[in-house]
Structures are given as structure tokens and as C-alpha cells.
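Basis for what follows: all heavy atoms, side chains included, without hydrogens, waters or symmetry-related copies.
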Amino acid sequence: MTITVEQTYNNHINGVWKTDSEEKKPSINPAHPREVVGYYTMSESATLHEAVEAAAAAKREWRKMAEPARGDILYKAAAVLEARVEEIAETMTKEMGKTLPEAKGETMRGVQILRYYAGEGMRQNGDVIPSTDKDALMFTNRTPLGVVGVITPWNFPVAIPVWKIAPALVYGNTVVFKPAQEAAVTAAKVVECLAEAGLPEGVLNFVTGSGSVIGRGLAEHPDVNGITFTGSEQVGRGIGQAALARGAKYQLEMGGKNPVIVTEDADLDAAVDAVISGGLKSTGQKCTATSRVIVQSGVYEGFKEKLLTKVKDIKVGDGMNKDSWMGPCASEKQFRSVTSYIETGKQEGAALLCGGETMPEEGYYVTPAVFDNVDPDMTIAREEIFGPVLALMKVETLEEAIETANDTEYGLSASIFTNNIQESLSFMDDIEAGLVRINAESAGVELQAPFGGMKNSSSHSREQGEAAKEFFTSIKTVLVK
Ligand SMILES: NC(=O)C1=CN([C@@H]2O[C@H](COP(=O)(O)OP(=O)(O)OC[C@H]3O[C@@H](n4cnc5c(N)ncnc54)[C@H](OP(=O)(O)O)[C@@H]3O)[C@@H](O)[C@H]2O)C=CC1
Ligand SMILES: O=C(O)CCC(=O)C(=O)O
């Protein structure tokens, strides 16, 4: 194995960077699987307990700090992250494969999220509500949950941790953060920025290790008052059950099987661009990625031809290269999962029109695959693939299109391309999705707006924007007489 970086990224507990274990794991560059981006610790339960203890000990003082002062620390963290954008984006590209421009965009999004929640420190914290008693003053006051566990995936190694940690902190919670192993080095750098901004000891603790030990341990820990998770549905369900069993608050953002409907009234070129961007950027590894493309029969062949022409032109390669449009899958596990879905698609009778080629000796690359003749019952039309695979499905009417779009256990994001206002309105009304997009791609969320899904895509809660306040605080209703 070629070792490129020997640095070990430790845990951060009670304000100190340290490690408890001799077991280190390498974080691998999926574009060059012989390259190591850095090492992280496979922590044990005892370390998790130490981190939770530190967070619990720090929570009173942090809650008592004025909210604007907590916001000020986030402003400083934003400045530190911004100053390190090139370096952190490069680490992200090397660690999980997305292209450098995407990684820079995501890191800058982290900066903006920090600033947005820093501003929350100066905003309203409750409402005055008229009391039936004319001599009483009644109002609500939001109070933090206490210790919050943050469990994140590898696909947005900066944005997802930041959109969970920043609101948790500004609303007065202390945090224990467990990142995905595949993105542990990038996550450590995000924590460095927050620590450098002057967070008091114990307010943000960072513990790397396996999901089954550290993640599960967080969900089950009696001193963790809330858990926020993004990742697979299977793991999310387990976390929700563990939290529910002990009465902790939880928030889960999980999978998607996001449809784009293209009607006979659509601008086909715009629809093609949106399907490519929404389905294939980040190598299709977004919970909001376009996966099913449901096209009305009258424009099916025309749309398919335009799509194939552009997809075949996509340059796949190392995300550090300027001419790569799409990087590798984030890990060997993800590569195997995606290629096995492609095989299943072929075996079940879908027609692979292009893509699906691999170069495993070079890196975990899969060229973008487009399937034709996809039947709604096929595995590739039902399960989240999380890779560069598009399933084309032909329908006759808008009603059939919406019915097909809703024929999934998920309900995260859905788009329609049409210039017909009645079609837009019907779609908006009938589609079962938390993010409804008209003439816009299925992926890409705005940090100031609520984000989350229906059905099995989430725990019916929402993240980001003002919605974050609902999760990270409890309401006290106060009556003063
Ligand atoms: N909604 C989304 O944005 C995402 C969806 N996914 C979906 O999940 C599939 C598998 O990806 P994968 O990375 O394995 O996702 P996981 O759900 O396994 O991982 C997400 C996070 O949860 C942790 N975790 C794993 N097991 C447990 C557990 N028992 N208790 C608590 N935490 C746990 C992981 O730790 P560890 O570091 O050990 O993995 C990681 O930090 C993808 O193919 C995709 O379909 C994946 C990522 C993001
Ligand atoms: O589409 C986006 O920008 C966010 C997607 C996301 O949250 C995810 O993939 O987990």
C-alpha cells in the first residue's frame, strides 16, 4: 500500500485531541485505493462514555451563555472554515471522491450554514400568547435538549455535520459527533475549525469508530437527550427504536428513490440537464439524487436520445483532475453495491443503454448507466442505489406518471418538467414528497428552507432553516402573575 499521508486524526474530547486505542484505520482515496488520506481511531465504548460525560458536564454552562455569544463563536468558526476551504475541499475529494468544484461548493455551503445559525443567536426565542387571566403574562421560551448525538454519513462530509452541529450548538446543546468512517478525516478538520473558534471544553466532542459501537452506543446512551442521524433506512430505523425505547428525541433523514417526471409539455433540454445534474453529480450519491425518470410516451424517444448523447460525453475520473465531471464511488463497499444493482437490472430484463463500465484496478469508478424499459416492479425501480444509475420509465398520462412516481416506500424529493401550469399544480398537490420541484432538479437543498421527506425517507421531522429549532429545543410555556 502506498502511504501518502501518515497523520492520525484523533478524537476530540473535553477540549483535548487524544486517542484511547492503538487500533487505527486508514481512510482510503477511492480514486486511488492504494493511497491513504489519513488515519482515524477505532474508538471503544469507554471513549464514547468519556465524551458523553464531558458533554453532560459542559451543558449547564453552555446553556447559560447568552445566545448571541454562542452565535459569535459560530461566526468565528465560519471564518476559520472559509480560510481553510481549499485544503478541506481537497481532503474531501481525496477521501470520498466528489470532484473538487463540488467539494469546494459544499465547504462554502458549510460556511454559509454556520453564518445562518450564528444569526439565530440574535433571533426570537419564543412567543407571547394571550392569557385568559388579564393579570398574567404568558409566553413560550425555547430551551435546549441537553446532550445531542450527531451521526453522519460520508456523502456530504462537511455540509451534513455542520447543518446538524451548528443549530444544536446555537440553541444551547452540547454535542457528541460520530462521523462516517469513510469521511472521518474531513470531519476531523471541520471539528478543528469549530474548536479553534473558541468553543468551551466539552461543548463539542468528536469520536471516530464503527457505527455498531459508537453510533449504536450514542443512540442507547442514557445521558444523550437527542439523536440526529442521516444515512441508510435500516440503520436509521434501529437508531429511532433505540432512542424511542428510552424516551430520547430523535430525527432521522434516510433514503430516497426520487422521480423526475417529463411531460409532453416539457422543455426537453432543460429536463435532460436537470436529470444529469440531479442524478449523476456526486456520482449519484445523494439522498435527493434522481433515480427514476418517468417520461410521457410522446416525448420518450426524443428525451432518451438527448439524454444518451450527453451522458455518453460525461468524463469520469479522479475528482482532483480539472476535466473530470464525475468522480468514483466513495468506497469499495459502495462500488460493489452499485455494480451489483447494475447486474440485477440486466438480469431482471431492463435494457442497459449505456454505462456501467468499471475500472477497479484504477479506482472505484462506474461510468453513468442509463436503463431503458424499466418496469415499476424491478429492483432498480424500487431500491435506493446511491450511484450513477438512471432508470427510464415510459407512461401515457400525467396521472399514470404521478402514480408511478408515488409507487415507492420513499418520499424525499420529486420533480416535474412541464410548461403547463395545470400539470404543475396537479403534481404539487398529488406527489408524496417532502421536496417538490417544478422545472428544477431533484437534488440540491437550500440551507434556509426545511429539508426532509415523507414515508420512509425520514422520521417525519425536518432539518435546516427554522425547522432545526423544532428538533434542537423544547418549549417551556411560562405564565407569570
Ligand atoms: N440518506 C443519505 O444521505 C444516505 C443514505 N445512505 C444509504 O445507505 C447505504 C449504505 O451506506 P452506509 O454508509 O453503510 O450508511 P449507514 O447508514 O450504515 O451509515 C451512516 C452512519 O451511521 C453509522 N452507523 C452504522 N451502523 C450503525 C448503527 N448500528 N447504529 C448507529 N450508527 C450506525 C455509520 O457508521 P460507519 O462509519 O461505521 O459506517 C455512519 O456514521 C447507501 O448505499 C445509501 O443507500 C448512505 C449515506 C447517506
Ligand atoms: O441535495 C442535497 O444538497 C442534500 C442531499 C442530502 O442531504 C443527502 O444526500 O444526504
Side-chain angles (χ1 to χ4, degrees), residues 9-21 40-63 70 73-74 77 144-153 157 160-181 183-184 186-195 197 199-231 235-236 238-240 242-243 246-253 463 468 471-473:
Y9 292 82
N10 287 333
N11 295 321
H12 185 68
I13 298 176
N14 213 16
V16 179
W17 290 95
K18 58 181 188 172
T19 182
D20 62 319
S21 152
Y40 58 91
T41 302
M42 289 304 284
S43 306
E44 287 150 19
S45 297
T47 307
L48 174 67
H49 287 293
E50 195 187 335
V52 174
E53 222 169 76
K59 75 181 180 187
R60 182 178 156 81
E61 204 173 314
W62 183 243
R63 174 170 65 80
R70 293 199 295 259
I73 296 178
L74 295 189
L145 303 180
V147 176
V148 168
V150 171
I151 304 174
T152 57
I160 293 179
V162 172
W163 84 46
K164 292 177 186 295
I165 292 170
L169 294 178
V170 82
Y171 298 130
N173 302 280
T174 56
V175 168
V176 178
F177 169 32
K178 182 256 175 279
Q181 293 177 63
T186 312
K189 293 187 177 198
V190 171
V191 173
E192 283 172 3
C193 296
L194 282 150
L199 285 175
E201 286 170 10
V203 169
L204 173 61
N205 305 278
F206 173 69
V207 184
T208 55
S210 83
S212 53
V213 175
I214 305 303
R216 184 81 199 165
L218 260 179
E220 290 177 345
H221 202 294
D223 295 332
V224 174
N225 310 99
I227 287 274
T228 172
F229 165 85
T230 300
V235 169
I239 288 174
R246 60 183 187 80
K249 201 169 178 182
Y250 63 92
Q251 174 187 61
L252 314 170
E253 289 306 332
E463 302 190 274
F471 179 72
F472 289 108
T473 63

- Note on the structure: d(N173 CG, I165 CD1) to nearest 0.5 Å is 12.0 Å
- Note on the structure: The reported gap from CD1 in I151 to CZ in R216 (rounded to nearest 0.5 angstrom) is 9.5 Å
- Task: For L145 and Y171, run side-chain contact (heavy atoms from CB on, under 4.5 Å): C-alpha distance rounded to whole Å, both residues' side-chain angles, the deciding distance at 0.1 Å, then the answer.
- Result: CA-CA 9 Å; L145 303 180; Y171 298 130; over 6 Å; no
- Could you check if a side-chain atom of I73 sits within less than 4.5 angstrom of a side-chain atom of P200, using non-hydrogen atoms only? yes
- Message: Under the side chain to side chain contact (heavy atoms under 4.5 Å, CB included) test against T174, which residue among N225, L199, V148, V203 passes?
- Response: V203
- Would you mind telling me which of V190, L194, T152 makes a side chain to side chain contact (heavy atoms under 4.5 Å, CB included) with F177? T152
- Decide yes or no on side-chain contact (heavy atoms from CB on, under 4.5 Å) for E192 and H12, but give the supporting numbers first. CA-CA 9 Å; E192 283 172 3; H12 185 68; over 6 Å; no
- Query: Salt bridge between R246 and E220, side-chain N to carboxylate O under 4.0 Å?
  - Reply: no
- Interatomic distance, E50 atom CD to N14 atom CG [nearest 0.5 angstrom]: 8.0 Å
- Taking all heavy atoms of I227 and all of F471, pick out the closest pair and write down the distance. O-CZ, 3.4 Å
- Query: Taking all atoms of both residues into account, what is the closest heavy-atom pair of F206 and P179, and its distance?
  - Reply: CE1-CG, 3.4 Å
- Can you check whether T473's main-chain N or O pairs, donor with acceptor, with K249's side chain at less than 3.5 Å? yes
- Starting at CG of D223, measure out to CG of L218 and round the result to the nearest 0.5 Å. 11.5 Å
- Item | Gap between atom NZ of K164 and atom CZ of F472 - 0.5 Å precision | 6.5 Å
- Query: Atom CD of Q181 and atom OG of S210: how far apart are they, to the nearest 0.5 Å?
  - Reply: 6.0 Å
- Query: Is any side-chain heavy atom of I160 less than 4.5 Å from a side-chain heavy atom of P153?
  - Reply: yes
- Flag, side chain of K178 to backbone of G209, donor-acceptor distance under 3.5 Å: yes
- In sequence, state the C-alpha distance, the side-chain angles, and the governing distance for V176 and H221, and then conclude on side-chain contact (heavy atoms from CB on, under 4.5 Å). CA-CA 11 Å; V176 178; H221 202 294; over 6 Å; no
- Just checking, any donor-acceptor pair under 3.5 angstrom between side chains of T208 and N11? yes
- Donor on one side chain, acceptor on other, S43 and T41, under 3.5 Å: no
- Message: Test side-chain contact (heavy atoms from CB on, under 4.5 Å) on R70 and L169; report intermediate values, then the result.
- Response: CA-CA 7 Å; R70 293 199 295 259; L169 294 178; over 6 Å; no
- Can you see which heavy atom on A54 is nearest to which on N205, and at what distance? CB-OD1, 3.7 Å
- Closest heavy-atom contact between K59 and V147? CD-CG2, 4.2 Å
- Side-chain heavy atoms of W163 within contact of T228, under 4.5 Å: no
